[in-house]
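This report concerns only the one structure given below.
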Amino acid sequence: MNAKNTDFGTFAQDVMLGLNSTPKTLPSKYFYDAKGDKLFQQIMALPEYYLTRKEYEVLEGQHKQILTEIIALDKPFNLVELGAGDGMKTKILLRYLTEMNVEFTYYPVDFSGSVLEELEESLATEFPALNVNPIQDTYRDSLKKQVWENGKPNLILFLGANLGNFGMDEAKNIIDHLRVGTKKGDLVLLGFDLKKNPQIILNAYHDKQGVTREFNMNLLDRINSELDADFDRDSFTHWPTYDPVSGECRSYLVSQKSQVVTIGALNQSFEFEAFESIFTEISKKYSLSEISHLASLGGFEVKENFMDSEGYFADVLWVKK
Ligand code: AVI
């Protein structure tokens, strides 16, 4: 996950804006501090959280087909990864490209400098001959700057269903940045969690062990410790919902009683009515037709949808027209 933001001013400002809006909201990018990162690692290993395993299955089982197009060009290329994180899934692709003696430079983009440092270290051990050029930036700014652009073909990776954590307008905006940030013939591989039995989706965000609850609650803990607030986490309930029409899985923290929370750093108190909620995250699930619509908005043609055996998850390969 790339969108870590621990800048005090920005965090305080976003919390102030979010809790002053109606309905109240907090941005999900603040889930990811050191504790949130660990919780997310645990989420990925949960029996209910199928997303990571399914994307692994796709990449493990179909990496040759996924990479056929770029290898067939028989030219050096740029492999750009938006939101590289620990690069675990990408290493499947890196391994195969290395085995095939393909010439390319890997540009992992992540907003977190420490994540990039760790990634660079692990790559130096596992792939000593790999050309790596880490970029510390946001998805959008990196696509605006395109520091990798050197006339060579690009394969841009945006894995892990990360686009799902943006509302539709923002997702379209990112696709538009992809449109501007790519040239004819460039390839993009995006990970999407697909619409499926609603119960399976809901369970993934409401696990029995309560790890996702902790992950959601971590937002309140961060506000308490970083912004000197007095949220009583026991008076809030983790409440995920899934709307099968929009495909939106939304997470909320619901106040169990009427209460007042004070945030010292903002010098402000916030009133909660009984059962008032804070909207904390969207995880949108897509249909294949919605995905091809997004492709066309970005000026891309769908090359192929690579899916796991149950059709839960898709890594889709697009080519720029
Ligand atoms: C990072 N992202 C794709 C995860 C998701 O499934 O939306 C974050 C997450 N939220 C709760 N569980 C996992």
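Both counts, for ligands and for their atoms, begin at 1 and track the order of listing.
- Near G160, with a cut-off below 4.0 Å to any heavy atom, the atoms of ligand 1 are 3 (C).
- For ligand 1, the atoms lying closer than 4.0 Å to a non-hydrogen atom of A161 are 3 (C).
- Of all the atoms in ligand 1, the ones that sit under 4.0 Å from a non-hydrogen atom of N162 are 1 (C), 3 (C).
- With F279 as the aromatic partner, R250 meets the cation-pi criteria of under 6.0 angstrom to the ring centre and within 45 degrees of the ring axis.
- Counting heavy atoms under 4.0 Å from ligand 1, residue F40 touches it through the side chain alone.
- Side chains of E214 and R233 form a contact here, defined as non-hydrogen atoms less than 4.5 Å apart.
- In this structure, E99 places its CD atom where more than 12 heavy-atom neighbours from other residues, nucleotides or ligands lie under 6.0 Å away.
- Ring to ring, F272 and F236 are close: their centroids are under 6.0 angstrom apart.
- Taking distance alone, with nitrogen or oxygen atoms compared against 3.5 Å, Y205 approaches ligand 1 more closely than that limit.
- For ligand 1, the polar-atom distance check finds no N/O of K285 at less than 3.5 Å from any of the ligand's N/O atoms.
- Under a cutoff of 6.0 Å and an axis angle of 45°, R222 and F11 form a cation-pi pair.
- By the criterion of a heavy-atom distance under 4.0 Å, the side chain of N165, and not its backbone, is placed next to ligand 1.
- The ligand atoms of ligand 1 that sit less than 4.0 angstrom from a heavy atom of F215 are 9 (C), 10 (N), 11 (C).
- Taking every non-hydrogen atom of Y49 and a distance limit under 4.0 Å, the qualifying atoms of ligand 1 come out as 4 (C), 5 (C), 6 (O), 12 (N), 13 (C).
- Both cation-pi conditions hold for K320 and F300: the charged atom is under 6.0 angstrom from the six-membered ring centre and inside a 45 degree cone around its axis.
- Inclusion of Y32 in the set of residues having an N or O under 3.5 Å from an N or O of ligand 1 is not warranted.
- At a threshold of 4.0 Å, the pair K172-D169 does not count as salt-bridged, since none of the basic side-chain nitrogens sits closer than that to a carboxylate oxygen.
- Between H63 and I92, the shortest heavy-atom contact is ND1-CG2, 3.8 Å.
- With ligand atoms numbered from 1 in the order given, ligand 1 contributes 7 (O), 8 (C), 9 (C), 10 (N), 11 (C) to contacts under 4.0 Å with heavy atoms of E281.
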